[in-house]
Amino acid sequence: MSIRRLAHESIQPRAFSFTADNLFWAEKTIARYPEGRGHSAVIPLLMRAQEQEGWVTKASIKYIADILSMPYIRALEIATFYTQFQLKPVGRKAHVQICGTTPCMLRGAENLKAVCRRRIHSEPLETNMAGTLSWEEVECLGACVNAPMIMIFKDTYEDLTEERLEEIIDAFEEGRESSIPVGPQNGRHSSEPIASVSLRKLL
Amino acid sequence: MAGFMINIKIDGKEINIPHHYTLLQAAEAAGAKIPRFCFHERLSVPSNCRMCLVEVQVKGAPSKPTASCSMRVLDLRPNSNGDPPEIFTNTPMVKKLREGMLEFLLINHPLDCPICDQGGECDLQDQAMAFGRDFSRYTENKRAVEEKYIGPLVKTVMTRCIHCTRCVRFTTEVAGVSELGLIGRGEDAEITTFLEHAMTSELQGNVIDLCPVGALTSRPYAFSARPWELLKTETIDVMDALGSAIRVDTRGSEVMRIMPRINDAVNEEWISDKTRFIWDGLRTQRLDYPYLRDKNNRLVMVDWQRAFDAIRCAVVKAGQGTIGAIAGDLATVEEMYALKLLLKSLESDEIDCRQDGTALDPVWGRASYIFNPSIAGIEASDALLIIGSNPRLEAAVLNARIRKRQGLGPYPIGVIGEQKDLRYSYDYLGSDTEILSELFLGQGAFFGVLKEAKKPLFLIGQGALIGKNGTKVLKLTARLCCDLGAVTNEWNGFAILHTAASRVGGLDIGFVPTSGRNAADIVADSAVLFLLGADEIDLSAKKGFTVYIGSHGDNGAHAADVILPAATYTEKSGFYVNTEGRVQMTNRACVAPGEAKEDWAIIRALSSVLGHCLPFDSLHSLRLSLIRDYPHFGIMDEIMPGKADDIISLGQEASSVTTCSFTSPVKDFYLTNPIARASAIMAECSSLARNRLAMEVG
């Protein structure tokens with residue numbers, strides 16, 4: 001954990017507003033909460049703003065606080081509290097979140113981090129020169145049986161090796177991410193055993 | 001809920017308490033002392049400092065440490081026989097818990113007590129002494145936090161912050177403006193405003209008192225004194241008409257700072273920023289010698305004898321001409337009483353304490369000019385109509401009380417006057433008398449609200465009572481109150497909010513002309529005019545010889561022919577009557593500078609020069625005479641209630657009013673009196689507030 005601050009003024013965009021689709025979605029989201037409790041929608045709205053912009057800008061915090069008619073400081077508290085909100089730009093094409101919690105670490109997450117250090121940037125949360133890629137270590141993403149694993153945007157890539165991670169990074173950088181199947185990368189289905197196990201043999 | 005009483009054993013002592021009590025309240029009821037940082041009686045309970053841990057012992061189970069500020073007695077798991085478990089606050093376990101918590105808090109707390117302004121009055125220091133370990137086992141680096149700017153009044157040293165969040169809760173809950181927040185998390189959490197904007201609340205100074213460590217301290221007071229070298233005098237504030245209880249800390253003859261005292265009937269334990277930070281104005285622009293205007297139209301320093309001689313000549317020269325006197329907003333009852341007697345002996349009743357020309361008059365009885373429901377009574381009321389007032393600027397602490405009432409449950413508030421941010425939600429009804437007339441005719445949605453309310457409160461500001469229509473508005477409102485059942489034997493909801501500390505006292509002793517004239521007439525017609533600290537009145541029309549008795553070189557002194565230097569409210573003992581009609585007394589904290597004297601003494605000395613010697617030669621005998629004439633001054637800190645019949649008979653004179661809109665007389669919260677205008681701190685706050693306003697408009 002480190003001190004989380006808004007990005008420097010020089011890279012903050014001047015304004016933010018939701019696209020028409022997102023605004024429609026935001027209104028529906030706010031309506032899910034009881035009358036007068038719309039403030040509770042601040043987390044989903046900030047997340048949607050992050051998906052739209054790539055990161056949470058100062059303008060988007062103010063915009064969302066205005067939509068929800070809550071004080072700016074209350075929205076800032078939320079945005080700085082949750083590490084899932086990126087307060088400065090991350091890779092446009094991929095932000096690699098490597099699970100570093102115990103099972104993944106035992107299965108080689110440290111090696112995956114070394115790949116990212118080499119391929120992307122020596123420090124987490126910094127973009128590569130082109131601004132297309134970045135990485136960070138995160139806490140457990142809940143796919144321990146498929147360790148080690150990463151998450152890029154909303155998809156997880158599991159049962160990784162160093163080589164496979166490099167291929168995935170290449171694919172994202174070249175815009176071929178659709179060629180990478182989501183989920184286990186070693187051929188197994190979901191979290192079933194890798195080799196077909198004969199139940200009779202076991203018995 | 002209060003009906004459910006429960007027996008609980010605390011430290012082996014069995015006590016009977018309401019079951020909704022928290023363990024902390026229960027322990028205090030049993031006489032145990034519980035240390036705390038984040039918990040504060042008047043704020044919500046966050047339970048994040050864990051200093052108040054106690055041992056809860058359920059029979060047959062291991063003891064558990066429990067945060068006593070947030071655990072209620074009724075939420076405790078009972079013993080097998082259904083009794084609540086036993087609580088301990090003095091066991092070795094509790095001692096160890098407290099040592100542990102303090103050790104955690106001190107891990108990141110700097111050891112800069114020798115250069116910290118909180119030193120000597122610091123909760124953390126005191127509790128570390130009382131409950132902490134005597135050495136540190138911590139060898140790692142301490143956390144440091146970046147400096148924050150949150151305005152000219154509150155200085156921050158955020159490395160000292162222990163994240164109790166009292167300041168965040170105060171600004172949000174009491175001041176009603178969410179300015180401070182806790183950003184980040186865990187060890188990296190930081191208190192700040194959004195993008196380090198200056199705070200805007202008129203009550204922000206209170207976070208200095210609330211901060212249990214030296215993270216938030218007073219910027220103007222920084223590095224100027226230590227608490228143990230200050231002489232503390234308990235007195236009363238005169239910056240607004242509330243008469244907040246304050247403590248003036250002095251070193252030698254200088255006021256070093258002003259702090260609130262607890263008075264639940266008036267200010268609870270808050271004071272406004274003007275009350276707290278006015279003290280630098282007590283040193284500057286002071287009138288410390290008598291002055292006389294010479295032939296070249298310049299004020300020159302003279303001695304008292306020459307000043308008095310000049311006044312005697314002027315009074316003699318005036319002959320049959322009128323002699324008038326205007327009392328200012330900070331005058332004590334005693335000096336007004338003395339001046340009234342002096343003018344009476346000169347056969348004049350051209351006296352007025354209503355510089356702004358408000359319609360209030362003692363002939364209609366005391367109830368017609370005081371805040372009848374009382375300030376604490378706001379909490380008992382169930383609907384509020386604000387007429388021609390901006391209580392946020394006119395009485396910031398009272399405004400916090402209104403906000404508190406709204407937080408206690410449904411509380412409809414209607415406003416007739418200016419539409420300003422009052423720090424709570426309200427229905428804006430309109431700006432002018434038209435709305436009042438409509439309510440009178442039973443029209444408008446808010447009429448139903450007021451009709452339904454059992455204890456409606458009508459807060460009438462000076463903004464509604466100044467001007468040609470003042471008297472009519474006063475009578476119409478009185479009638480409206482009576483018609484809506486706000487004036488009964490049990491409840492009197494007719495509430496006048498004054499802006500001047502001296503006003504109710506002046507009206508009590510009848511410091512008003514009997515001829516129906518007003519202050520502006522007196523200024524224009526008097527051959528000799530006495531100004532008793534009167535600085536808020538337009539003196540451009542004055543023709544006569546002007547004597548200014550006051551403490552600061554302000555409007556009044558500039559226009560004067562003779563200046564007699566007097567004392568400020570911290571330099572004299574005097575009665576003030578607050579807007580509720582509560583008689584309170586200031587105490588002398590220091591002496592007036594130079595040749596300046598207490599006002600009553602000046603008037604007494606002048607009376608003998610003029611050959612009409614007043615019949616008292618000490619403050620004590622003056623007071624005896626005052627109490628003989630007006631017995632209610634004999635009872636301190638109490639309110640002599642007004643009569644409901646006064647309002648009813650006032651209301652019977654109601655007639656229709658011509659349309660005019662109400663504006664609050666307080667335009668600039670920070671510059672309402674001569675002391676405030678002499679203060680550099682107030683000037684800075686005022687310019688900040690003006691810029692903010694310009695930004696909002698532009």
Side-chain angles (χ1 to χ4, degrees), chain A residues 1-16 34-43 46-47 49-50 55-88 124-125 136-139, chain B residues 44 46 48 108 141-151 156 158-159 161 163 165 167-201 204 207 403 406-407 409-410 421 423-425 692 695-696:
Chain A
M1 273 291 302
S2 58
I3 295 167
R4 289 165 52 77
R5 291 278 161 77
L6 294 183
H8 192 263
E9 202 61 32
S10 58
I11 57 167
Q12 290 282 1
R14 290 181 64 81
F16 173 87
E35 187 77 33
R37 303 277 173 162
H39 293 185
S40 301
V42 65
I43 293 177
L46 280 169
M47 210 32 146
Q50 173 164 312
W55 56 294
V56 176
T57 63
K58 184 174 93 188
S60 67
I61 292 173
K62 287 173 117 174
Y63 176 82
I64 287 163
D66 284 338
I67 289 186
L68 300 171
S69 48
M70 64 198 283
Y72 292 159
I73 184 75
R74 290 284 102 85
L76 182 72
E77 283 177 336
I78 303 286
T80 54
F81 184 87
Y82 293 104
T83 51
Q84 285 84 349
F85 293 120
Q86 305 296 347
L87 297 181
K88 60 180 193 175
L125 293 168
E136 72 174 313
E137 181 183 336
V138 296
E139 299 304 320
Chain B
S44 63
N48 52 12
N108 274 324
N141 283 334
K142 283 175 184 273
R143 169 204 66 159
V145 182
E146 270 174 47
E147 264 316 295
K148 306 282 187 300
Y149 174 79
I150 58 172
T156 61
M158 280 319 195
T159 304
C161 177
H163 305 154
T165 69
C167 52
V168 177
R169 283 174 285 141
F170 172 82
T171 51
T172 307
E173 292 162 15
V174 179
V177 48
S178 292
E179 299 192 300
L180 287 171
L182 184 80
I183 64 163
R185 62 195 289 179
E187 186 187 41
D188 299 314
E190 296 178 350
I191 299 284
T192 186
T193 55
F194 186 70
L195 308 179
E196 300 196 23
H197 284 169
M199 289 203 283
T200 61
S201 171
Q204 58 177 279
V207 301
R403 185 180 154 76
Q406 205 176 41
D421 176 10
R423 311 299 199 199
Y424 39 77
S425 57
R692 207 157 47 227
M695 291 252 287
E696 276 164 26

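Convention: sequence-line order gives letters A, B, ...; per-chain numbering from 1.
When heavy atoms are compared at a cutoff of 4.5 Å, A:I78 does not approach chain B at all. With a threshold of 4.5 angstrom between heavy atoms, B:E190 approaches chain A through side-chain atoms but not through N, CA, C or O. For chain A, no part of B:V145 is nearby; none of its heavy atoms comes within less than 4.5 Å. Looking at B:T193, the atoms closer than 4.5 Å to chain A (heavy atoms on both sides) all sit in the backbone: N, CA, C or O.
With sequence neighbours excluded, no residue forms a side chain to side chain donor-acceptor pair (under 3.5 Å) with A:S69.
Side chains of A:R74 and B:T172 form a contact here, defined as non-hydrogen atoms less than 4.5 Å apart.
Of all heavy-atom pairs spanning B:F194 and A:I73, the tightest one is N-CD1, 3.6 Å. Between A:K58 and B:L195, the shortest heavy-atom distance links the atoms CD-CD1, 3.7 Å.
No donor-acceptor distance shorter than 3.5 angstrom exists from the side chain of A:R4 to the backbone of B:G184, with no hydrogens or angles considered.
How far CG of B:L182 is from OG1 of A:T80: 8.0 Å, rounded to the nearest 0.5 Å. Between the CD1 atom of B:I183 and the CG atom of A:L6 there is a distance of 7.5 Å, given to the nearest 0.5 Å.
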